[in-house]
Amino acid sequence: MSTDPFALFDAWYAEARTTEPNDSNAMAVATVDTQGQPSVRMVLLKGHNTDGFVFYTNRESRKTGELAATPKAALLFHWKSLRRQIRIEGTVSQVSDAESDAYFATRSRDSQLGAWASDQSRPLDSRATFEARYEAARTRFEGGDVPRPPHWGGYRVAPGRIEFWQDRAHRLHERRVFARTADGWQEGMLYP
Ligand SMILES: Cc1cc2nc3c(=O)[nH]c(=O)nc-3n(C[C@H](O)[C@H](O)[C@H](O)COP(=O)(O)O)c2cc1C
């Protein structure tokens, strides 16, 4: 059995890319506020390697406010047609400006303009206000590249624990858990 959780992640993720009809890179991200209240929302995985799992968002959003105070998060992938889930827990850091710039440059122009228009997690009086902000961004950057807004960037979750759950017949599901130790990863199995 592989004791490299990243290799196992890669294998499951590659399979999900071919089997899931939509957003196989969608994952739930749970954060916690200063009162200990958890909150969770979906984001898209935009990069991963042995350093961690990266998503991009508005740096003035609720989730990032919570991450600033408590830089820990839990991620969850659920691939329904494969009947698998992966749970990841770890510490969070901001992705560098250079890495965020490079990813932002690959986004569609619409998404780039949307990043300028969105005041994520803040109250919005009407859809028309959002559309007006989008139009304003479109006019502002007409004829040139859209730069990354300063309030938009990536976060990397460096895992300390990764658990792979696989549906098996007769509810004898399989749970393989990997915990980071001083010299690598230790694998165990849990009752389902
Ligand atoms: C499938 C899916 C993918 C999403 N991907 C992202 C994403 O990559 N980044 C992001 O900021 N929000 C994404 N969202 C929106 C978030 O779920 C959420 O509404 C937003 O980030 C605000 O969350 P917050 O107020 O807790 O910070 C996605 C939503 C769905 C349903």
Side-chain angles (χ1 to χ4, degrees), residues 9-10 12-49 51-131 133-134 137 146-159 162 165:
F9 180 90
D10 285 345
W12 281 27
Y13 190 48
E15 212 174 323
R17 302 294 272 176
T18 65
T19 56
E20 298 303 301
N22 287 310
D23 294 338
S24 53
N25 58 335
M27 59 184 185
V29 181
T31 54
V32 71
D33 74 10
T34 51
Q35 308 301 306
Q37 172 64 55
S39 64
V40 63
R41 78 288 291 154
M42 301 304 292
V43 298
L44 298 176
L45 179 71
K46 290 297 181 181
H48 73 281
N49 57 27
D51 292 335
F53 298 83
V54 173
F55 64 92
Y56 287 88
T57 192
N58 186 306
R59 287 188 169 154
E60 293 165 359
S61 61
R62 175 179 175 186
K63 69 182 93 49
T64 60
E66 294 183 356
L67 288 172
T70 308
K72 291 174 187 287
L75 307 176
L76 178 75
F77 292 87
H78 178 213
W79 293 305
K80 288 186 186 177
S81 31
L82 291 171
R83 297 197 165 83
R84 285 176 175 165
Q85 81 172 342
I86 300 179
R87 300 168 60 177
I88 296 169
E89 290 156 32
T91 53
V92 182
S93 59
Q94 282 196 9
V95 162
S96 72
D97 285 350
E99 194 176 336
S100 293
D101 285 342
Y103 172 66
F104 190 77
T106 70
R107 301 184 92 205
S108 70
R109 195 172 177 89
D110 277 353
S111 302
Q112 292 175 334
L113 293 171
W116 279 97
S118 171
D119 221 356
Q120 195 174 68
S121 309
R122 300 236 170 81
L124 173 64
D125 58 3
S126 73
R127 183 84 198 164
T129 303
F130 184 36
E131 282 165 13
R133 287 171 62 105
Y134 182 90
V146 182
R148 177 176 62 88
H151 60 260
W152 190 96
Y155 289 79
R156 176 172 280 107
V157 181
I162 308 183
W165 186 100

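The residues of the chain are indexed from 1 along the displayed sequence. Below, each value reflects all heavy atoms present in this structure, side chains not excepted, and no hydrogens, waters or symmetry copies. Atoms within each ligand, like the ligands themselves, are counted from 1 in listed order.
When only modelled atom types and interatomic distance are considered, H151 and D119 share no side-chain donor-acceptor pair under 3.5 Å.
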Which atom pairs, one a donor and one an acceptor, fall under 3.5 Å between side chains of residues 54-62 and the rest of the protein, sequence neighbours left out?
{"residue": "T57", "atom": "OG1", "partner": "K63", "partner atom": "NZ", "Å": "2.8"}
{"residue": "T57", "atom": "OG1", "partner": "Q120", "partner atom": "OE1", "Å": "3.0"}
{"residue": "N58", "atom": "OD1", "partner": "E60", "partner atom": "N", "Å": "2.7"}
{"residue": "N58", "atom": "ND2", "partner": "S118", "partner atom": "O", "Å": "3.3"}
{"residue": "R59", "atom": "NH1", "partner": "Q94", "partner atom": "OE1", "Å": "3.4"}
{"residue": "R59", "atom": "NH2", "partner": "V95", "partner atom": "O", "Å": "3.2"}
{"residue": "R59", "atom": "NH2", "partner": "G154", "partner atom": "O", "Å": "3.0"}
{"residue": "S61", "atom": "OG", "partner": "N58", "partner atom": "O", "Å": "2.8"}
{"residue": "S61", "atom": "OG", "partner": "K63", "partner atom": "NZ", "Å": "3.4"}
{"residue": "S61", "atom": "OG", "partner": "T64", "partner atom": "OG1", "Å": "3.3"}
{"residue": "R62", "atom": "NE", "partner": "E66", "partner atom": "OE2", "Å": "3.1"}

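Take P71 and apply the side chain to side chain contact (heavy atoms under 4.5 Å, CB included) test, not counting sequence neighbours, and it matches no residue.
Sorted by chain and number, the heavy-atom contacts of ligand 1 below 4.0 Å come from D23, R41, M42, V43, L44, Y56, T57, S61, R62, K63, Q120, S121.
Remark: the backbone N or O of L67 is not paired with any side-chain donor or acceptor of T70 at under 3.5 angstrom. Under the 3.5 Å distance criterion, the side-chain polar atoms of R148 are left unmatched by any main-chain donor or acceptor of A105.
The salt bridge (charged side-chain N to carboxylate O under 4.0 Å, His left out) analysis of residues 22-34, with sequence neighbours excluded, yields no pairs.
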